[in-house]
There are 2 protein chains.
Amino acid sequence: MRESEKETVRALPIFSGMFQDNFDALLAGSFLQRFPASVVLFSESDLTDFLHILIEGQVELFASANNREGTMTLIKPVATFVLASALIDGAYQMSARTLEASRILMIPAENVRTAMLKDRDFAQKAVLELASCYHGVVRAYKNIKLRTAVERLANYLLVQHERQGTNGALVLPVEKRTLASVLGMTPENLSRAFSTLKPYGVVVDGPNIVLNKMDDLKTIAKPSEFIDAN
Amino acid sequence: MRESEKETVRALPIFSGMFQDNFDALLAGSFLQRFPASVVLFSESDLTDFLHILIEGQVELFASANNREGTMTLIKPVATFVLASALIDGAYQMSARTLEASRILMIPAENVRTAMLKDRDFAQKAVLELASCYHGVVRAYKNIKLRTAVERLANYLLVQHERQGTNGALVLPVEKRTLASVLGMTPENLSRAFSTLKPYGVVVDGPNIVLNKMDDLKTIAKPSEFIDAN
DNA sequence: ATTGCGACTTGACATTTATCAAGCGATTTA
DNA sequence: TAAATCGCTTGATAAATGTCAAGTCGCAAT
């Protein structure tokens, strides 16, 4: 791991308040690894060796059962993932794969647990991170339990629109088949959900979306502060 | 709050390792309150004033959107709830109601945040509790995303059967309409799911269930270590 | 005891979602 | 360049789930 990279990592909010000694101890045995696209990083049954921090690229956390597979969440830089598993010292509980070529900082889980005990600032930041992830899953759970597929798509579009500048257009940040998995439906169903939204001013051209009737779209989406990410 | 009750609380794992001063400070301004059945404790949009600890009774955490309502989880004694919200200092994100008459210890959220900073043992226990809750929601999310209604019921029965002694029978710990909400289906659908499981040896008499063909039931349930609670 | 209410069940039906199959278009591979 | 592959879409159909209505049963209130 190069010195310049180490400084980038040091500047991340979760690490920025740590004592230097604790930070150095935390990163001992860590490494910054490059992965190509579509590589499985770990499986849900694997024991949690590392806390992961996505520096660059994109990662999908997913789960399998029966013959189905579903996306739990997408990770975008810069963000930690599997923090809960690293703290508990058990299985990952989720599988992970890269969606693009990615750079990932891998910190031995044991180091993380030590740092939690030694460094108050890190512990505090990690707890808030964890609590925030908890609320994230709760939102996702509400989303799938209380909404139909079309509603989930409509709200997804509204959130992306907001994030991308609220200028009447947005670009899907992932392939549609991945989006379908995120939203808990089949790719065929996603296609049909887009069709259903056409009368509500949603124009689709590949990954480019235009929203022409924001009010109508909001009417059908019924967005909720306590489901949709801020 | 009586002295004997305070001792009961003191003995709970999450508090047992605290310094006495920190414990006393934590409980300052706390109170142990009794609630009758079917009382709403707080709404998802309320600001988090208290960390709750269910001492006796039963509580449902639920969420509403559109005109639907869904159970997030059921709380049984003794357990904390809304820990994440108490740490973040924002809205509860979920609503809560009592299902039975209940006794609940309510600790000011501010006290909890202070104790997190001051008491290392409490901080450690709280983090593990939080991480464990996180995995709990992840399991629930997988359950609803990767399984059909019948599969969810079958696995629920298997888990309850195990918890209640693995002797071929079990008693539903909640009303069927509540169970339906927990499992993410309508009460009508739950009735039909039970009918569907009849050929798999599931005999229903009110809240009393008998499992006559465990192997067949497991075949249809396809239980997973990483979805079903231990 | 009677009444009324609520939980539960069942049937008929509607809606939502998934599956299977085919085809299109763009990109990759040979 | 040709062939193969992959992502996406569309149609037909099936399966899963929800809604509405009716009816039974048991419990609680009068």
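Heavy atoms only: backbone and side chains are in, while hydrogens, waters and symmetry mates are out.
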Electrostatic pair B/K142:A/E44 at N-O distance under 4.0 angstrom: yes
Nucleotide C/dT16, atom P - distance to CZ of A/R152 in whole Å: 12 Å
Residue-phosphate contact under 4.0 Å: B/T186 side-chain N/O, D/dT19 OP1/OP2: no
Lys/Arg N to Asp/Glu carboxylate O, A/R34 vs A/E56, below 4.0 Å: no
Residue pair B/A109 / B/T48: nearest heavy atoms and the distance that separates them: CB-O, 3.5 Å
Atom-to-atom span, CZ of A/R192 to P of D/dT13 - whole angstrom: 13 Å
Parallel, tilted or perpendicular, as decided by the 30° and 60° cut-offs, for the rings of B/F31 and B/F50: perpendicular
Sugar-phosphate, base or nothing in reach of A/T148, heavy atoms under 4.0 Å: sugar-phosphate
N/O donor-acceptor pair, side chain A/E188 with base D/dC8, under 3.5 angstrom: no
Below 4.0 Å: OP1/OP2 of D/dT17 and any side-chain N or O of B/N189: no
Between D/dG18 (P) and B/N67 (CG): distance, integer Å: 16 Å
Base D/dG18 to side chain B/R68, donor-acceptor N/O within 3.5 Å cut-off: no
Euclidean distance, atom CD of residue B/E151 to atom P of C/dA18 [Å, nearest integer]: 13 Å
Rounded distance (Å) that lies between atom C1' of D/dT17 and atom NZ of A/K145: 15 Å
B/T80-B/E129 side chain donor-acceptor pair, cut-off 3.5 Å: yes
Strand-adjacent residues in residues 168-176 of chain B, judged by heavy atoms under 4.0 Å from DNA chain C: B/E175, B/K176
Shortest non-hydrogen separation from B/D228 to B/R139 and the atoms involved: O-NH1, 2.8 Å
Phosphate contact (D/dT10 OP1 or OP2) by A/S195 side-chain N/O below 4.0 Å: yes
Rounded interatomic separation in angstrom, taking CZ from A/R177 and C1' from C/dA18: 18 Å
Cation-aromatic face contact B/K218/B/Y200, 6.0 Å, 45 degrees: no
Heavy-atom closest contact (B/K222 atom, B/R147 atom, distance): O-NH2, 3.5 Å
Test side-chain hydrogen bond (donor to acceptor under 3.5 Å, both in side chains) applied to A/E60 - qualifying residues, sequence neighbours left out: A/T71, A/R97
Non-hydrogen atoms of B/F15 and B/V9 that approach each other most closely: CD1-O, 3.3 Å
Sorted by number, the residues of residues 198-207 of chain A with heavy-atom contact under 4.0 Å to DNA chain D: none
For atom CE of B/M185 and atom C1' of C/dT9, their distance in whole Å: 15 Å
Nucleotide D/dT17, atom P - distance to CG of B/L153 in whole Å: 11 Å
Among D/dG7, C/dT10, D/dT9, the nucleotide that comes nearest once only the side chain of A/S191 is considered: D/dT9
